[in-house]
Amino acid sequence: MTETVANNFIRRIIDTDLENNKNQGKVATRFPPEPNGYLHIGHAKSICLNFALAKDYNGTCNLRFDDTNPEKEDMEYIESIINTVRWLGFDWEDRLYYASDYFETMYELALKLIKSGKAYVCDLTPEEIREYRGTLTAPGKNSPYRNRSIEENLDLFSRMRAGEFADGSKSLRAKIDMASPNMNMRDPIIYRIRTATHPRTGDKWCIYPMYDYAHGLSDSLENITHSICTLEFEDHRPLYDWFLDELQMPCHSQQIEFARLNLNYTIMSKRVLLALVQKNLVSSWSDPRLPTLEGMRRRGVPPEAIRNFCDMIGVSKQNSVIDLGVLEECIRDYLNQHAKRVLAVLKPLKIVIENFPEDKTEELDAALHPQDPTFGSRKIPFTRELYIEQDDFMEEPTKGFFRLTIGKEVRLRYAYFIKCHEIIKNPATGEIIELRCTYDPETRGGKAPDGRKVKGTIHWVSAPKSLAAEVRLYDRLFTEPNPAIKKDADYAAIINPDSLITLTNCRVEPGLANAKIDDRLQFERLGYFCLDFDANEQKLVFNRTVSLRDTWGKIKIS
RNA sequence: UGGGGAAUCGUCUAGCGGUAAGACUGCGGACUCUGACUCCGCCAACCUAGGUUCGAGUCCUAGUUCCCCAGCCA
């Protein structure tokens, strides 16, 4: 895949800033997840963007948890996010921060806002606040508490902190403009009362800052120069700026918005992802069908492939939906170069090589990567009884089929040329249960001394020497290309019934007894696979990360 | 019907007044001990209408379509 030098509107903004010596020529970004769920491929786009910008401009990128809503957040998520960003391949050095680290400072700054007459304590209930806010087309009206004295506001706010008032009974609001066409500027709430235990600050606080207030301040306190977020925050920018201006923050970070990632046949919404997990529509957050990074990792997707993907899709302000095929292509591209080749049979069909001795086992050489000799090779056992793929035999071959049929010669990968002369069927069902074949001993290793060619090469394993395995095949999660557009869709109804197919009678070459969880494997002619963490001493379990491109499969269908 | 954004091959993305480019997909072909990989070739786009200009995807005007905003979520 060709390396293209990333060029996007954000880089252009930074270039201009650098030319103007803004921020003393520094670039500082941050990735600011809320620890209320697991990271998904959409977050990866943001992570890659922020860390790449820092790297390319000789700056820094912080990891900062936006942990301002204790009711939804959890240490479990914090830990997962830290592990996942690290797994993706990024390093924030000692710059791991939490918005909650700034709670005291934010409180002080809120006091400053009150003292300058720019914030007030409001006694309106949540319902009343909504009524007073007006609508998209009608202006709101001022809260009756809007003109409290600074002294009273200071007193009330400190008592809010002290826990004197019930949840929701009071809030601190910015005094801006209830008639603003931008809803975010209609006296937005800065602090709410929430008696909840915070994952990090415990019960120290019962008031928590809102996103708009906390985020800009966190950026500023960390001297973030370019605060990159997604499009839906575009009309929050005036508020972001308002706080930094009113508080005369020494560092005024610049918020820049880009379009979030959408992938077809899946969803990125953390809310929906959570629902899928809770309704047991998927096994967990790390279900390999999910676009969560933990799920993709379990599926065997290498972090490098995800990073390449994020580079490839670019960054812009256009809403878009990326075809799953682009991701798959990135995965194949990486795995093609880095996966060891092995032989495995997913749907075994027994064949007997009649002219091969009963008790003999030959050890044959097989390259671990045909294009890359540095991978070396391994030995694979060849015996009289073998398994081949059911799909690789046709009693009555269709046009263009050049695998095994009666009387036609094919090559067993790295082994011998064989011919089939008899089909054994289950007399009751007509199902083919065994093939009687002969091999040509002169073709050991897969070459004929007389130079004759065969068109087909098929994979195989030794029947007695191979290992039993379970193999899980994955496909797109949904049958619907854009599930997100279906408001409150019945996701259960659009789950792809073939999104998970579990094959329990698979056979793999014996060397796979030693497979490790991070091994990248190609089962030749089938796809890329990895060991699943469900595997144990008794049972091998493999996940198919992605299939190989299947030109024949396409021809067959059409 | 308020405000904020976005419109370029089927899908993403580039373009910064001077021959519309790349990637993915698709379709041909070559090669092949993986119907894989690799290689070669082909198809394919500027939302509409006006205007400015020698010249407009790019600038101006007016439309159209799509996305976001009325959480004490982020």
Side-chain angles (χ1 to χ4, degrees), chain A residues 1-2 4 6-8 12 32-34 36 66 68-69 71-73 122 124-126 129-131 133-140 167-173 179-186 188-194 207-208 210-212 214-215 229-238 257 259 264 270-271 312-323 325-330 332-333 336-337 341 343 366-367 370-371 400-403 411-415 417 445-447 453-459 522-527 547-556:
Chain A
M1 230 150 273
T2 50
T4 50
N7 182 31
N8 60 52
R12 221 155 21 241
E34 184 192 10
N36 68 343
D66 216 340
T68 57
N69 184 1
E71 292 181 310
K72 289 186 177 171
E73 297 157 6
C122 182
L124 256 25
T125 64
I129 285 193
R130 193 180 341 113
E131 287 160 20
R133 187 155 34 222
T135 68
L136 293 177
T137 50
D167 284 13
S169 63
K170 281 184 168 50
S171 61
L172 184 71
R173 294 228 257 164
S180 171
N182 182 343
M183 300 294 284
N184 296 300
M185 302 299 270
R186 319 244 261 227
I189 288 165
I190 305 175
Y191 270 91
R192 76 281 215 185
I193 303 173
R194 200 97 320 163
I207 56 171
Y208 291 94
M210 298 288 288
Y211 167 85
D212 287 304
H215 200 91
C229 63
T230 43
L231 250 30
E232 68 270 27
F233 293 104
E234 219 151 9
D235 46 16
H236 290 238
R237 189 171 358 113
E257 311 83 11
N264 58 14
K270 275 199 265 188
R271 198 193 90 249
M312 184 179 286
I313 58 176
V315 177
S316 77
K317 298 191 71 157
Q318 297 181 47
N319 288 113
S320 62
V321 181
I322 309 284
D323 195 291
V326 179
L327 209 211
E328 290 183 350
E329 213 28 54
C330 289
R332 289 192 188 103
D333 183 59
N336 176 45
Q337 297 169 58
R341 311 292 125 128
L343 299 182
Q371 280 83 39
F401 183 85
F402 52 77
R403 276 111 98 143
R411 170 168 39 230
L412 295 178
R413 181 81 160 149
Y414 293 123
F417 290 7
K447 274 195 184 65
K453 302 274 186 197
V454 290
K455 181 79 172 149
T457 299
I458 63 176
H459 58 278
Q522 184 195 100
F523 290 179
E524 291 211 39
R525 302 210 308 132
L526 295 171
S547 66
L548 253 28
R549 285 175 68 129
D550 185 9
T551 311
W552 170 243
K554 265 188 230 164
I555 295 167
K556 223 168 36 174

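When the C1' atom is compared between B/G15 and B/G22, the two are found 12 Å apart, to the nearest whole Å. To the nearest whole angstrom, the two C1' atoms, one in B/A49 and one in B/U11, are 28 Å apart. Between B/G17 and B/U58, the two C1' atoms lie 7 Å apart (nearest whole Å). For the C1' atoms, the distance from B/U13 to B/G3 is 29 Å, rounded to whole Å.
Looking at residues two or more places apart in sequence or on another chain, you find no salt bridge (charged side-chain N to carboxylate O under 4.0 Å, His left out) involving A/Arg192.
Stacking between A/Tyr211 and B/A74 is absent: the ring centroid is not both under 5.5 Å from the six-membered base ring centre and under 30° in plane angle.
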Using nucleotides 46-48 of chain B, report all nitrogen or oxygen pairs with the protein that are shorter than 3.5 Å.
none

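Phosphate contact (OP1/OP2 of B/U32, side-chain N/O of A/Lys453, threshold under 4.0 Å): absent. The phosphate of B/C37 has OP1 or OP2 within less than 4.0 Å of a side-chain N or O from A/Arg549. In this model, the phosphate group of B/G71 is not approached by any side-chain N or O of A/Arg192 to a distance below 4.0 Å at OP1 or OP2.
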Which parts of nucleotides 1-7 of chain B does protein reach within less than 4.0 Å, heavy atoms only, written one letter per nucleotide 5' to 3' as B for base, S for sugar-phosphate only and - for none? SBBSSSS

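The residue A/Leu343 sits apart from the nucleic acid: no heavy atom pair falls under 4.0 Å. Across all strands, A/Val315 comes closer than 4.0 Å only to sugar-phosphate atoms, never to a base (heavy-atom distances). Residue A/Arg411 is classed as a base contact, given a heavy-atom separation below 4.0 Å to a base.
Across all strands shown, B/A62 pairs with B/U48; the Watson-Crick or G-U wobble distances both stay below 3.5 Å.
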